Amino acid sequence: MAGGSVSECKEYLFKVLVIGELGVGKTSIIKRYVHQLFSQHYRATIGVDFALKVINWDSKTLVRLQLWDIAGQERFGNMTRVYYKEAVGAFVVFDVTRGSTFEAVSKWKHDLDSKVKLANGNPIPSVLLANKCDQKKESSNNTALMDNFCKETGFLGWFETSAKDNINVDDAARFLVENILANDKGLPYEESNGDRIKLDKETVAAESKSGCC
Amino acid sequence: MAAEDLPSEFDVVILGTGLAESVVAAAFSRVGQRVLHVDRRSYYAANWASFTFNGLLTWIQEHHEESQPEEAQDWSSLLEEGEELIYLSSDPASISNVQAFCFTSEEDEEEEASSPDPPNTTEEETGGANEDVVKETSETESADLKEEETKEKPEERADGAEKEQRFTALNDGKSTVQTDVFRPITQASKTDGKEPGADQPTASAAQSQSEPAKKKISYAQLVKEGRRFNIDLVSKLLYSRGSLVDLLIKSNVSRYAEFKNVTRILTYRHGKVEQVPCSRADVFASRQLSVVEKRKLMRFLTSCVEETEEQRAYNGRPYLEFLCDQQLGDNLQHFLLHSIAMVTEDTPTEEGLSSTRHFLRCLGRYGNTPFLFPVYGLGEIPQCFCRMCAVFGGIYCLRHSVSCLVVDKTTNRCKAVVDSQGQRISCSHFVVEEGSVGTDWKMVTSPPRFLSRAVLITDGSILPSDSDQQVSMVTVPPIAAGCPAVKMVELCSSTMTCMPGTYLVHLTCQSVGSAYEDLSPVVTKLFRTPESHDQENCPSVLWCLYFNMTDSSGLEVEGHHLPSNVFVCSGPDGSLGHEHAIKQAELIFQKILPEEDFCPPAPNPEDIIYDGDNNSSSMGGEENGGAGEEENDGAGEEEEEKKEVLEENDGEEEKKEVVEEEEQSLQTEGIRLQPLETGSGSVGGSDSCSPPAGSQISRRDAVQTPEQHTASTHNPQRESASCMMGN
């Protein structure tokens with residue numbers, strides 16, 4: 001899951017999924033993280049596949065993070081394989097003000113694990129986001145409960161986030177990327193995909209256009 | 001995931017997620033139509049789907065079960081005055097004669113190998129002795145073979161020259177040693193598929209003989225590594241200059257897929273598999289062609305690019321005759337007819353020449369053969385279009401069907417559909433897969449045709465070479481009179497369609513008999529199976545599947561006994577390319593929206609930036625300008641947000657932007673996201689998305705209009721292949 005090294009600087013491209021029930025703030029989190037923006041108003045996600053965030057991780061590492069939103073229209077839970085394939089990390093988001101969205105978390109996690117795996121067969125690292133924490137009514141402390149839930153369902157960890165007040169969004173992302181990088185370093189490249197072809201307007205093979213004549 | 005009711009009004013409802021339907025869905029959604037796309041199956045892509053090994057076993061099982069005809073519910077209560085119902089067929093029987101066989105041991109070999117088994121040694125000794133008789137080299141070579149196959153290391157299998165030596169050695173000596181005998185498991189072989197008594201003793205004895213010699217991948221391993229398989233129901237390739245490749249590029253749907261070159265064209269001839277030289281380099285490098293043949297072939301290929309008087313003289317006469325008269329010799333004639341034109345002996349010359357030209361045109365665009373194959377299998381392609389549809393607002397529901405159409409008696413138009421939940425959903429147009437239309441409603445001009453398909457999992461390539469990662473297109477001319485010509489595609493593990501150490505082989509032909517009758521003779525000739533003889537040098541079949549599929553290439557999109565706004569998409573056809581489905585999809589789109597552009601390029605997400613506090617809408621110079629008003633009969637007001645995004649495609653005429661609640665709006669070429677009323681002044685994009693040095697504007701024909709001067713086109717340099725996702 002990584003690009004070649006350009007001189008000493010290593011460049012990575014990571015596909016990260018952002019999933020969860022309708023209206024939990026997936027798009028808002030992405031916008032906050034990538035574009036430093038927040039809008040009160042809800043709107044289903046149209047015309048955008050993913051948002052790109054470029055992170056200068058350290059002096060030797062550049063990370064290009066593609067955050068893949070589910071199209072709001074896939075809300076019946078039937079995502080195409082295109083969405084899942086070759087993802088290396090995921091955020092599962094729920095809305096702290098709506099219990100039902102938390103109940104759906106295990107369903108989403110299960111769906112995720114069944115559809116995408118790392119090259120070595122392990123589940124991809126995932127982080128649980130308890131979004132809209134700014135609107136949380138009771139300040140009940142359920143840290144232990146959540147920790148336990150993450151352990152049981154296979155999340156690396158969880159964060160209380162607010163896309164609106166910009167709480168913890170960056171931290172959660174950093175936490176996930178750390179884990180993805182750790183995975184990446186630990187795993188040998190399974191095969192060289194160098195000869196895969198992207199169809200692109202510019203792509204023309206090195207060979208002259210008429211092979212035969 | 002939550003179960004909700006669907007909206008009750010759409011512009012287009014589409015039933016079936018096959019290739020043509022999915023392209024239609026993407027095309028409509030892309031220009032702002034409200035699309036509902038459903039499939040009664042639990043998976044995408046209908047008969048174009050690909051499955052993991054375990055998924056395929058489930059599919060097999062489903063096709064063995066007696067399908068219960070769903071009792072048609074009576075939805076006439078949903079009718080209003082002047083309406084009537086047309087019930088759709090709930091049981092499209094497009095798949096038949098499904099037969100699966102397992103020719104490998106069921107259990108993990110470690111366990112079995114560890115158990116001491118006296119007869120083994122004896123058999124092994126006898127085997128060795130027999131082999132001695134055969135030829136000296138053959139023994140050493142087959143020892144190599146054993147060693148090679150024990151190890152899984154690909155590099156170990158690489159020595160091409162040695163392989164070739166072995167090939168001849170074993171061919172010459174008529175080795176009668178049974179190094180391996182397989183145990184067939186008939187029908188939907190599940191793990192519990194036990195053999196009936198009679199064969200059991202011989203089979204297991206034979207099996208134990210072979211164990212020390214060969215460590216074959218067991219059935220249990222296939223199941224365990226099942227997710228590494230992506231087994232397509234149809235076997236096709238993309239012509240590098242074919243209409244599917246053009247459409248993928250034009251629409252930017254290509255961003256969802258990656259491809260592998262087909263690395264070589266092979267053919268089966270005189271009992272041997274040979275490589276067909278097709279590029280200039282191949283011709284010169286070819287060892288099986290004489291110098292004279294090379295010159296003749298080059299001359300022929302050069303000459304047929306343009307139509308000549310001489311060629312026209314042969315119009316209507318068989319291509320074979322034309323080739324004969326070119327004095328090319330048997331070798332070249334075979335290559336040209338079967339592997340390059342891929343036609344039969346009685347195909348007319350003009351058709352043969354046009355296939356030859358198409359082949360030649362496609363050479364060299366991406367590689368040395370004309371063909372591409374999608375990484376993860378062909379089933380990806382319809383899903384790529386579905387994702388595009390969803391990204392532009394299309395709603396997707398699997399395990400969901402349309403039970404009937406509500407037809408206005410006076411206008412004979414389909415006003416609405418009733419879904420499998422009994423919900424009435426209005427629509428302006430309905431597009432349906434062929435299988436869901438009952439035969440009474442269809443106008444069928446030709447008798448039904450079928451395709452015969454076989455899928456094999458093998459343990460080696462059909463023509464070993466110095467790389468074990470070849471993707472091969474193999475043409476097998478009729479092996480006897482009356483037999484069909486077979487197209488075969490051998491996929492290696494780097495196409496992500498099979499587990500390392502195996503190959504996935506697809507065979508396809510027009511049906512003469514059942515798939516098993518048509519294809520098993522070819523399989524027996526080319527591979528080692530329990531029925532094959534003297535095939536020690538051939539790869540073994542570990543597992544295989546045969547089935548027939550309806551070939552609906554003769555079906556028209558309209559002209560059926562259906563309302564005028566209902567269009568039918570046919571399923572997969574027998575040709576190698578995808579022209580049929582793409583043509584159909586485009587035709588349907590143009591019939592419904594003649595003014596609209598078919599699949600204009602979608603904005604590239606990496607090109608989208610936020611553009612500070614610029615609140616006004618500035619249009620990208622749009623190449624498809626002037627697309628006119630949307631013919632959006634029945635579009636509801638609540639959908640304006642979506643239309644707004646798309647109306648911006650209307651080019652020059654700068655539409656006043658409906659300032660939406662949220663900050664994004666997209667343009668096709670000068671793509672940007674604009675923060676609107678929230679107007680947080682920061683130019684988030686350029687900070688956070690700064691591309692590596694050397695960013696360039698690479699969009700085709702991107703025309704910068706004055707309005708675009710705010711430098712909204714922000715194109716991070718496109719990733720080189722080595723940086724693409726998944727590397």
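Throughout, protein chains are lettered first and strands after them, A, B, ... in sequence-line order, and every chain is numbered starting at 1. Note: hydrogens, waters and symmetry copies are ignored here, and every other heavy atom, side chains too, is used. Bear in mind that the values here come from a model prediction, so they are computed numbers and not experimental data.
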Non-hydrogen atoms of chain A under 4.5 Å away: do they reach the side chain of [X], the backbone, both or neither?
X	answer
B/L372	side chain
B/N230	side chain
B/L398	both
B/N261	both

Short question: side chain of [X], backbone of [Y] - any donor-acceptor pair under 3.5 Å?
X	Y	answer
B/Q383	A/R81	yes
A/K198	B/R255	yes
B/R387	A/M79	no

Rounded distance (nearest 0.5 Å) linking atom CG of A/D195 with atom NZ of B/K260: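 Result: 3.0 Å between the selected atoms.
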
Rounded to the nearest 0.5 Å, how far does OG1 of A/T80 lie from CD of B/E380?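 These two atoms lie 8.5 Å from each other.
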
Please enumerate all residues that pass ring pair (Phe, Tyr, Trp, His ring centres under 6.0 Å) together with A/F175, with sequence neighbours excluded.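 If we apply the ring pair (Phe, Tyr, Trp, His ring centres under 6.0 Å) test to A/F175, skipping adjacent residues, the hits are A/F159.
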
Pair B/M496-A/K85, side chain to side chain contact (heavy atoms under 4.5 Å, CB included): steps then yes or no: CA-CA 11 Å; B/M496 310 304 272; A/K85 78 175 166 191; over 6 Å; no

Heavy atoms only: give me the nearest B/R227-A/L118 pair and the separation to one decimal.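 Scanning both residues, the minimum pair turns out to be NH2-O, 3.5 Å.
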
Listed partners of B/R299 passing side chain to side chain contact (heavy atoms under 4.5 Å, CB included), at least two apart: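 Here the qualifying residues are B/K296.
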
